[in-house]
There are 2 protein chains.
Amino acid sequence: MTPRQAAACCGPLDDLLDPALFKALGDPTRIRLLGCMIKCGRTCSVSEIAECCVVDFSVVSRHLRLLERAGILGSTKSGRNVSYTVKYSHLSMALRSLAGAIEQCRPSEARAGKGDCCGR
Amino acid sequence: MTPRQAAACCGPLDDLLDPALFKALGDPTRIRLLGCMIKCGRTCSVSEIAECCVVDFSVVSRHLRLLERAGILGSTKSGRNVSYTVKYSHLSMALRSLAGAIEQCRPSEARAGKGDCCGR
DNA sequence: CATATAATTGCATAATGGCACAAATATACA
DNA sequence: TGTATATTTGTGCCATTATGCAATTATATG
């Protein structure tokens, strides 16, 4: 079984390996902001979050919107304040599911040659 | 506790939230290649892997090197062939550890107000 | 209504990154 | 030694994106 042939074998991995999610997490500034929010553990306003970085306020605003569109953050508006919240369960579940799907594909001595394409 | 203050609270999350890893996973072509290799389940040569995509051979070569530098792939050279292998355990562990660290920071009703900064 | 504050949006700029093509390197084989 | 095959590297082009600054919108408050 060549990797080309394995590509035709669809499974849960295909949906979980989402480049858009990782692209959102792949920027140092965004990761910094996200890390602060995760550790903070509560809903935060854009102004508060902007304190975590030396970049311009508008940049932070854009990063947060991007993280929201990626499904990593949720947002609520109250008056003139916009607050963002980490979607803990969604994020950790996405990572854990992917880890599981990868593990499923890992060949073991016991299964060597017994199955192709993620054990199927 | 503001997100700015939470930033000073160092924990396992800081090392696990590595933008370099996510940047490596954040490109559609690279994810495509990686997905093929994961499902294939064996060591593959650059030529084989290049069959998975329509991009130029040189592009694939560079992508594989990048994934290797990110710790996602391992490589061995045998004669004129270079083979890449998915580091299943390393990759799934990195994802699972991150998921765990994120969960640790998630506030629950029981812990509400009891601890700051990832429960500490 | 005027003003202050919170956040977004428009815009220009610079940096980054993916890509194709060509050339170079390395190794196997006749 | 000459040639074929596998892979890497150099280079330029183009699209995307991160950023700062200024202007704008939206809402609260005096």
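Chain A is the first sequence line, chain B the second, and so forth, proteins listed ahead of strands; every chain is numbered from 1.
- Residues satisfying the side-chain hydrogen bond (donor to acceptor under 3.5 Å, both in side chains) test with B/Ser75, not counting sequence neighbours, are B/Glu68.
- Listed by chain and number, the residues in a disulfide bond (SG atoms under 2.5 Å apart) with B/Cys105 are B/Cys118 (sequence neighbours excluded).
- Partners of A/Arg42 under the salt bridge (charged side-chain N to carboxylate O under 4.0 Å, His left out) rule, at least two apart in sequence or in another chain, are A/Glu48.
- Take A/Cys53 and apply the side-chain contact (heavy atoms from CB on, under 4.5 Å) test, not counting sequence neighbours, and it matches A/Thr29, A/Arg32, A/Leu33, A/Val55.
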Please write out the pairs of protein N or O atoms and N or O atoms of nucleotides 24-27 of chain C separated by less than 3.5 Å, giving the distance to one decimal.
none

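- Judged as a disulfide bond (SG atoms under 2.5 Å apart), and not counting sequence neighbours, A/Cys36 has no contacts.
- Applying the side-chain hydrogen bond (donor to acceptor under 3.5 Å, both in side chains) rule to pairs touching residues 56-65 of chain A yields A/Arg30-A/His63, A/Asp56-A/Ser58, sequence neighbours excluded.
- For A/Arg106, the side-chain hydrogen bond (donor to acceptor under 3.5 Å, both in side chains) partners two or more places apart in sequence, or in a different chain, are A/Glu103.
- Taking atom CD of residue A/Glu51 and atom C1' of nucleotide C/dT5, one finds them 14 Å apart after rounding to whole Å.
- In this structure, the separation between CD on B/Gln5 and SG on A/Cys52 is 10.0 Å, given to the nearest 0.5 Å.
- Screening residues 6-19 of chain B for side-chain hydrogen bond (donor to acceptor under 3.5 Å, both in side chains) gives A/Lys39-B/Asp14 as the qualifying pairs, with residues at least two apart or on separate chains.
- Of the residues in residues 20-50 of chain A, those lying under 4.0 Å from DNA chain C by heavy-atom distance are A/Ser45, A/Val46, A/Ser47.
- Of the residues in residues 55-67 of chain A, those with a non-hydrogen atom less than 4.0 angstrom from any atom of DNA chain C are A/Phe57, A/Ser58, A/Ser61, A/Arg62, A/Arg65.
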With a cut-off of 3.5 Å and sequence neighbours excluded, list every side-chain donor-acceptor pair involving residues 76-88 of chain A.
{"unit_1": "A/Thr85", "atom_1": "OG1", "unit_2": "A/Thr43", "atom_2": "OG1", "d": "2.7"}
{"unit_1": "A/Tyr88", "atom_1": "OH", "unit_2": "A/Ile38", "atom_2": "O", "d": "2.7"}

